[in-house]
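All values reported here derive from a predicted model rather than from experimental measurement. Chain letters run A, B, ... following the sequence lines, proteins first, then strands; residues in each count from 1.
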Amino acid sequence: MKPFFIYNTLSRSVEKFLPQHPPEVSLYSCGPTVYLPQHLGNLRAYLCWDFLRRALEYNGYTVRHVINVTDVGHMTSDQDAGEDKIEKTAREQHKSPLEVADFYLKLFQDDLAAIHVEPPLVWCRATEHIDAMIELIERIIAAGMAYVTPSGVYFDVEKYRGENRAGRLSRQSLDEQNAAQRLEHSADKKSPHDFALWVLAQPHHLMQWDSPWGRGYPGWHIECSAMSMKYLGETIDIHTGGMDHIPIHHENEIAQSESATHHPFVRYFVHNAFLTGKEGAKISKSAGKFPLLSDVIAMGIDPLAFRIFCMGAKYRSELALSDDGLRAAQSNLDYFREFARSIPAGAVSNSSDAEFSCEYRERFLDALNNDLNTPQALAVALELVAEAYRRGDYNIWNTLGAFDRVLGLGLAETQTAAANSAIPVEIQALIDARTAARKSRDFKRADQLRADLEARGYEVKDNRDGTTVYQLRHA
RNA sequence: GGCGGCGUACCCAAGUGGUUAAGGGAGAGGUCUGCAAAACCUCCAUGCAUCGGUUCGAAUCCGAUCGCCGCCUCCA
């Protein structure tokens, strides 16, 4: 078994991956706040983690994947009071917070399904884990690392800093962070760096729960700590998230978690770089306009082409969204599918692949295990198919099938659909008529019949050996 | 101001010390074909922002310069 290497933000270096309890791997991904549709940049993040998960599974690991859903406590940064994002949308749309969260979570899950992101073992929602959060906050208070005030329970960052543990992820000392602005509406905080574990005295907040400190709601960071511990244990193998979460969210998660448990919270922190907009600008929800999967589909691009598009760049590199890039990915998708549809039945049932495929298997695994080098893995898969065509030896179906466990393009389904698609009688009649027309060299009529067939969704191709193949489009 | 990242062909993008700088898309030519499609073949960066340096050897390490971007406030 070849070792898997991954970049760990904690050490700022590529490390050999060693889970605590092989072959099991605990994987926690910071999930979205469900108050708006998730844009393509969000989707890229979950594609990155899907590639990670599938690569680990390809290596024989069993992955326990948990994704959280933030449906309370995530504040806007409006200077004034700051409003809960979910509640803000609820007000604007005249819905309840629960309706808003349900609606956008469903939308998100539908998008993930369209790009073949495997569902996690657990989707966990903040509002359904209030008890776990309260318990954890109690542990933090008991450890002397948090204090209760009339406006809320705050984590004592100064005290934590005394233990010389702050800033490990971001490599920034607290003094370097310009936190002056943050004091304004939280005079109870001992230090501007302190962050809320539990918020009190916000009567206008729609979502409130009883707690030992009074009615209120949880701070944003505590949910990830509480839920990852609940489902994956107090030390998890891999925690993923966007680069933007390194300096605040993940620092705080580490601080509060380790204060409570006194042992490491996460072994490998893995962060993805952003998808950038068409002008090289960052895509962000707060900026207002952002591209969605539905925009891609409206361009005539298959959602799975977006999957390939994202596979074409490393998770740690920024990726520039572009129409050309999406179309290039669509070409790749068509190429794989065309191979799957036209592969001879014998090559599908053959259990032993051509010898030349061995080298590709090795290169594919090496690419994945080298810090999840998906662009290289994709290149290997494309080259494998090209070589099969070149040699006229299509006995690579097992290898390609193995690759597709990571590529996630559903090529087996494409093949099955093409093989099982029955040609209706009236279509067969048109085909026969065209064949006859070609034989009598009435090409005008043959071309007319081809156009008819294409209008009905059938693609007509004349192969080298003179036969003609007909297949459903977009199988 | 502080922290961090990036700059590889027309476009996207691998490669981070050592043979001819992956792969895809676009483009050009060709094979096949009645035509087309598909597929395959050939061509497409003596050069990796610029200038220095280290080295037997650098896109890859170091320094400077220019340009772009992110974070430090909600964001994957």
Any side-chain N or O of A:Lys439 less than 4.0 Å from the OP1 or OP2 oxygen of B:rG34?
no
Taking only the P atom of each, what is the distance from B:rG25 to B:rG18 in whole angstrom?
28 Å
Which nucleotide, if any, forms a Watson-Crick or G-U wobble pair with B:rA49, using both distances under 3.5 Å?
B:rU65
Using a distance-only test with no angle check, is there a side-chain donor-acceptor pair under 3.5 angstrom linking A:Thr399 and A:Arg361?
yes
Any-strand Watson-Crick or G-U partner of B:rA59, both distances under 3.5 Å:
none
Any strand is fair game: report the nucleotide pairing with B:rA13 by Watson-Crick or G-U wobble, both distances under 3.5 Å, or none.
none
Pair A:Tyr104 and A:Tyr35, ring centroids less than 6.0 Å apart
no
When both distances are under 3.5 Å in a Watson-Crick or G-U wobble arrangement, the nucleotide paired with B:rG34 is none
Can you tell me how far P in B:rU20 sits from the matching atom in B:rU55, rounded to whole Å?
23 Å
Distance between C1' atoms of B:rU16 and B:rC62 (Å, rounded):
14 Å
Distance-only polar pair, side chains of A:Tyr315 and A:Asp371, donor-acceptor under 3.5 Å:
yes
Looking at the side chain of A:Lys85, which of B:rC12, B:rC74, B:rA14 is the nearest nucleotide?
B:rC74
Heavy atoms from C-beta onward define the side chain here; which of B:rG24, B:rG70, B:rA76 lies closest to that of A:Asn332?
B:rG24
Determine the interatomic distance between C1' on B:rA58 and the same-named atom on B:rU8; round to the nearest Å.
14 Å
Go through the N and O atoms of the side chain of A:Arg316 and the base of B:rG4, and report whether any donor-acceptor pair is under 3.5 Å.
no
Of the listed B:rA13, B:rA76, B:rC12, the closest approach to the A:Ala313 side chain comes from B:rA13
Test of ring centre spacing under 6.0 Å for A:His221 and A:His250
no
Quick check: are there more than 12 heavy atoms from other residues, nucleotides or ligands sitting under 6.0 Å from NZ of A:Lys2?
yes
Is there a side-chain polar atom (N or O) of A:Ser342 under 4.0 Å from OP1 or OP2 of B:rA39?
no
Phosphate contact (B:rA14 OP1 or OP2) by A:Tyr315 side-chain N/O below 4.0 Å
no
Establish whether the base of B:rA36 is bridged to the side chain of A:Arg450 by a donor-acceptor pair shorter than 3.5 Å.
yes
Would you state whether a donor and an acceptor, one from the side chain of A:Asp447 and one from the base of B:rG34, lie under 3.5 Å apart?
yes
Could you tell me which nucleotide pairs with B:rC71 by Watson-Crick or G-U wobble geometry, both distances under 3.5 Å, or answer none if nothing does?
B:rG2
For the C1' atoms, the ones on B:rA36 and on B:rG47, what distance do you get once it is rounded to whole angstrom?
40 Å
Taking the nucleotide of RNA chain B with the closest heavy atom to each, which residue, A:Tyr389 or A:Ser331, is nearer the 5' end?
A:Ser331
Do any of residues 374-385 of chain A sit with a heavy atom less than 4.0 Å from RNA chain B, and if so which?
A:Pro375, A:Gln376, A:Ala379, A:Leu382, A:Glu383
Sub-6.0 Å ring centroid separation between A:Tyr231 and A:Trp123:
no
Base paired to B:rU42 (Watson-Crick or G-U; both N/O distances under 3.5 angstrom):
B:rA28
Ignoring hydrogens and geometry beyond distance, is a side-chain donor-acceptor pair present between A:Tyr394 and A:Asn350 at under 3.5 Å?
no
Atom pairs under 3.5 Å, N or O on each side, protein against nucleotides 59-62 of chain B: can you list them with distances?
none

Pairwise 5' ranking along RNA chain B for A:His221 and A:Gly312, keeping only the more 5' one:
A:Gly312
Separation of the P atoms in B:rU65 and B:rA45, to the nearest angstrom:
33 Å
Would A:Tyr46 and A:Phe108 count as a close aromatic pair, with their ring centres under 6.0 Å?
yes
Expressed in whole Å, how much space separates the P atoms belonging to B:rC44 and B:rC69?
34 Å
